[in-house]
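Have a look at the structure below, then the notes.
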Amino acid sequence: MPPRPAAAARGRRGVAVAVLVLLALGVRRLHLARFARLPPRGRGLFQGPLPTASSGRGQPAYQTEGGLPAAHGKGASIWDTFTHHPLAPPGDSRIANVPSGAPSPLQPATGDVASDSYNNVFRDTEALRELGVTHYRFSISWARVLPNGSAGVPNREGLRYYRRLLERLRELGVQPVVTLYHWDLPQRLQDAYGGWANRALADHFRDYAELCFRHFGGQVKYWITIDNPYVVAWHGYATGRLAPGIRGSPRLGYLVAHNLLLAHAKVWHLYNTSFRPTQGGQVSIALSSHWISPRRMTDHSIKECQKSLDFVLGWFAKPIFIDGDYPESMKNNLSSLLPDFTESEKKFIKGTADFFALSFGPTLSFQLLDPHMKFRQLESPSLRQLLSWIDLEYNHPQIFIVENGWFVSGTTKRDDAKYMYYLKKFIMETLKAIKLDGVDVIGYTAWSLMDGFEWHRGYSIRRGLFYVDFLSQEKTLLPKSSALFYQKLIEKNGFPPLPENQPLEGTFPCDFAWGIVDNYIQVDTTLSQFTDLNVYLWDVHHSKRLIKVDGVVTKKRKSYCVDFAAIQPQITLLQEMHVTHFRFSLDWALILPLGNQSQVNHTILQYYRCMVSELVRVNITPVVALWQPVAPNQGLPRLLARQGAWENPYTALAFAEYARLCFQELGHHVKLWITMNEPYTRNMTYSAGHNLLKAHALAWHVYNEKFRHAQNGKISIALQADWIEPACPFSQKDKEVAERVLEFDIGWLAEPIFGSGDYPWVMRDWLNQRNNFHLPYITEDEKKLIQGTFDFLALSHYTTILVDSEKEDPIKYNDYLEVQEMTDITWLNSPSQVAVVPWGLRKVLNWLKFKYGDLPMYIISNGIDDGLHAEDDQLRVYYMQNYINEALKAHILDGINLCGYFAYSFNDRTAPRFGLYRFAADQFEPKPSMKHYRKIIDSNGFPGPETLEKFCPEEFTVCTECSFFHTRKPLVAFIAFLFFAFIVSLSLIFYYSKKGRRRYK
């Protein structure tokens, strides 16, 4: 899960990505344990269009308009006072960590200028036109139209500004969604009445709303009375974290909320009776909420979650949408603090909303939600769960998401990848709630249009789709990556299925290698009972056991492969899987404990020899890796590890001699060799990588010159090749970063072998620019040694990683490569948080072809971990199905010369949680993924109607132990003739002897 933000800000004039979707809902019963029954989080990518979608954006007045108090007739608001004379609550500073491009940190951050929207109506609306939105949410500044806050002569300049904005929206065909109160109460009302703590303020609010309805109501169809009353009441009057900064008591916070509800109801009734008949609009209140999940699935935890939502969202939602009164959980726990509604007030408040206006994002979640209101349960940014809960709790209302989004650091400029992927997640969850859960979501508002003043966070974070340089005079709006993403999403009206992501029908070539991987096979040299030379007697009468006879032994016999008891069970499982190839790694330290041939473990060699010969006997091709990096000594003999490992050039020479021994002992059975399996470049020094390349090349030349002619095998290196994708697909910087990481991850070892014979130019140039000259230079002799030392290109691929050029999170930022890795939070993830991104495999195969030509390629390892439960293996089924299908696309559509696919891993005993066989109680049990893989193997891919008629004849590997007869065919023919003559002679003798007996009868 992405790191939880410390604190983020509230929106601006909410770039109301209003995706209006009109759907009918059937009635569903409310379940008591609704938290246990809600739909799953659904983290996978959901594709589909939004029904009848319309989209918008938004901003609130104080955060973006600017305009000093008294400028153009504007009165002072409580936020003008609060920011110019901050109370500086402990740990809540608005002047710390102010980024470049923001106002000076020497003074408290204010909204005096902010994004200067007041003077830039055309600029703002042009941004809306570029996005293609249909709705725009903004707020009216109460102090701008009524400087003193109360009814009287309005400020003509203020009215003119909002008319100009509304007229421009009308010209663009953008529907306004207007908020009357977004936290900026006129200071005059605060001074005169004590703000919302005074019940009399409801009448002033009604008068202000009437003014707005009269002047603007003909052009506005969606009104929001108050934005987030929870924050206004609790943090404005109880904690004092926000304006007006009153550090009162909880009792005062609950009293303010009481007055806010009454004020909202007065405005709703005013519109309903006096303006709705002629203007035909709708009115609601924007309620903010978090989502909370049970820490444990117990009745107590579920009730605590219900209580948490009651104390935040239900505090205002239940009086309006249910019965005019507070939730029972609040009344039971806060009886002495919570004001009481009279019966007439309950009737007055009940039903005063024409739709459910929901605000969901970082302003409340993970920031302004008081910890004690979580009731020790787990908070999470799960919009889909919240939408389903609101649908069940409040009788299936129409829900308009009037604010939703995330934030990035104030230092982040235009490549706001984190914001973009949160936006994608929230919109996808909204789509799932509509299509899968039947929730009636009528609108979605992404927040916000442009960067602005972020309340108590000042300018330390950014939430806009458009970047604003706050130090510039022009305040030009520059579209961020999130704006371009959102623009495309609006054009497509959601997430329609892309042709390139659709499954492909077809089959692989008949000689395609279907394999399984076990990097660390079970090496058990324990011999079977049949090799015991002792003699035993069975004590039939007493102990019923075998009793060893002392001093009596049998004659020692020749050892056979069947004597190794551990081999045959593994062979049987491989046969059950129907694989054609099996890849495993040798243990250098076991074969040569000292790293050289002064001490050879012949028992281990015999075990490996038996393993490969038994594989060949059952027509499974062994694929053997000479070296696999593994703890504790990087897969090296201890002596070599102590002498510097791959830093020591001698290790390369020792590896060549070790390889020679393996070729000599096992080569007659092995036709595919891997010198180095997945050397991990990210923790490898440049000198170690240099020596590793030479070790590979030396081993390749040993095989090529000494063994290839007789053994007729192939040999190469296997590189780990996870795909690196630009986090912001519209960003040239991110594309450059992705290419740089690919060259450092893959090209470092691939380019010298498969390409130019030298290290990648991108890698060399990057290091030279930073005065890093540790990357060795490859001499001409070394180039001749290394370049071209391959017979095929083998790659291991597991996942895809996103990279961003922005330094969003300093802890995760790689200063060396100037890159930050991240993930798309909508992607599926394994229990160990490995992202499932099938299309990444196809991309890396095409990248390798583009870089190194049309080489034969093997996907030598591909797999994912699972959980502890049987149903968790379904993720691996999905993983294999889709990754193999992407491999098929690469082969058929892209012309990749793909020769084989190897699933990782064989069993859980040697690779816990990665195996296709579960290991428990000394028994191997096939998982559903093994059976699924076997089905794909048997079908040789994904045959459709046009490929069903294809038939691949079964081929058998020629027994290498029979080579004695193949090289002596005349002798074999002579022996066959003698055998035939012998059979004929026996037949004649038998015939005539039988005939003679009949004659004497």
Side-chain angles (χ1 to χ4, degrees), residues 583 585-586 588 623-629 635-636 646 648-664 666-667 670-681 684 686-721 743 745-761 763-764 775-796 848-849 851-861 897 899-900:
R583 182 177 76 75
S585 300
L586 303 178
W588 186 357
V623 182
V624 180
L626 296 171
W627 176 72
Q628 171 87 25
L636 301 172
W646 291 110
N648 189 340
Y650 171 75
T651 304
L653 300 175
F655 180 77
E657 289 306 307
Y658 158 64
R660 184 189 302 272
L661 174 66
C662 295
F663 298 151
Q664 180 179 312
L666 309 176
V670 179
K671 299 306 176 188
L672 288 173
W673 288 98
I674 302 293
T675 55
M676 316 283 183
N677 187 56
E678 299 181 22
Y680 192 58
T681 56
M684 189 165 60
Y686 296 125
S687 57
H690 197 73
N691 291 328
L692 192 144
L693 279 169
K694 291 197 289 185
H696 155 76
L698 288 170
W700 189 90
H701 282 289
V702 166
Y703 189 83
N704 190 57
E705 296 165 9
K706 304 294 184 182
F707 297 96
R708 187 187 298 275
H709 179 71
Q711 298 178 0
N712 197 30
K714 295 179 180 179
I715 182 170
S716 191
I717 187 172
L719 303 175
Q720 181 161 338
E743 292 289 9
D745 279 1
I746 306 172
W748 180 0
L749 299 179
E751 183 66 24
I753 297 172
F754 302 98
S756 64
D758 202 349
Y759 293 115
W761 175 86
M763 188 177 180
R764 177 82 67 188
L775 185 65
Y777 281 88
I778 297 179
T779 66
E780 285 302 317
D781 289 341
E782 288 174 335
K783 183 175 180 179
K784 291 178 182 177
L785 174 72
I786 297 171
Q787 187 178 21
T789 53
F790 67 90
D791 297 316
F792 53 88
L793 195 160
L795 66 141
S796 298
L848 290 168
K849 180 182 178 181
K851 292 286 293 185
Y852 308 117
D854 189 17
L855 305 178
M857 296 187 197
Y858 287 87
I859 300 167
I860 212 71
S861 185
N897 186 9
C899 301

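None of the values given here were measured: they were computed from a predicted structure. Values below: every heavy atom of this structure, side chains too, minus hydrogens, waters and symmetry copies. This chain uses plain numbering: 1 for the first residue, then up along the sequence.
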Please confirm whether the backbone N or O of [Y] pairs with a side-chain atom of [X], one donor and one acceptor, at under 3.5 Å?
{"X": "Gln787", "Y": "Gly755", "answer": "yes"}
{"X": "Lys784", "Y": "Thr779", "answer": "no"}
{"X": "Tyr703", "Y": "Gly713", "answer": "yes"}
{"X": "Asn677", "Y": "Ala718", "answer": "no"}
{"X": "Gln711", "Y": "Phe663", "answer": "yes"}

Please round to the nearest 0.5 Å and tell me the distance separating atom [atom1] of [X] and atom [atom2] of [Y].
{"X": "Met676", "Y": "Ile753", "atom1": "CE", "atom2": "CD1", "result": "8.5 Å"}
{"X": "Met763", "Y": "Glu743", "atom1": "CE", "atom2": "CD", "result": "9.0 Å"}
{"X": "Leu793", "Y": "Leu719", "atom1": "CG", "atom2": "CG", "result": "6.5 Å"}
{"X": "Cys662", "Y": "Phe707", "atom1": "SG", "atom2": "CZ", "result": "10.0 Å"}
{"X": "Ile860", "Y": "Leu795", "atom1": "CD1", "atom2": "CG", "result": "8.5 Å"}
{"X": "Asp791", "Y": "Arg708", "atom1": "CG", "atom2": "CZ", "result": "4.0 Å"}

Do [X] and [Y] touch side chain to side chain, with heavy atoms closer than 4.5 Å?
{"X": "Ile786", "Y": "His696", "value": "no"}
{"X": "Met684", "Y": "Leu692", "value": "yes"}
{"X": "Leu626", "Y": "Trp673", "value": "yes"}
{"X": "Glu751", "Y": "Tyr852", "value": "yes"}
{"X": "Asn648", "Y": "Asn691", "value": "no"}
{"X": "Tyr759", "Y": "Leu693", "value": "yes"}
{"X": "Trp646", "Y": "Lys694", "value": "no"}

Original post:
Parallel, tilted or perpendicular: which fits the ring planes of Tyr858 and Phe792, with parallel below 30° and perpendicular above 60°?
Top reply: perpendicular
Exercise: identify the closest heavy-atom pair between [X] and [Y]:
{"X": "Ala625", "Y": "Arg583", "value": "CB-NH1, 4.4 Å"}
{"X": "Leu785", "Y": "His701", "value": "O-NE2, 2.9 Å"}
{"X": "Gly689", "Y": "Trp748", "value": "CA-CZ2, 4.3 Å"}
{"X": "Ala699", "Y": "Ile715", "value": "O-CD1, 4.3 Å"}
{"X": "Lys849", "Y": "Met857", "value": "N-CE, 3.7 Å"}
{"X": "Leu586", "Y": "Tyr658", "value": "CB-OH, 3.4 Å"}

**OP:** In sequence, state the C-alpha distance, the side-chain angles, and the governing distance for Phe754 and Ile717, and then conclude on side chain to side chain contact (heavy atoms under 4.5 Å, CB included).
**Re:** CA-CA 10 Å; Phe754 302 98; Ile717 187 172; 4.1 Å; yes
Original post:
If you draw a 6.0 Å radius around NZ in Lys714, do more than 12 non-hydrogen atoms from other residues or ligands fall strictly inside?
Top reply: no
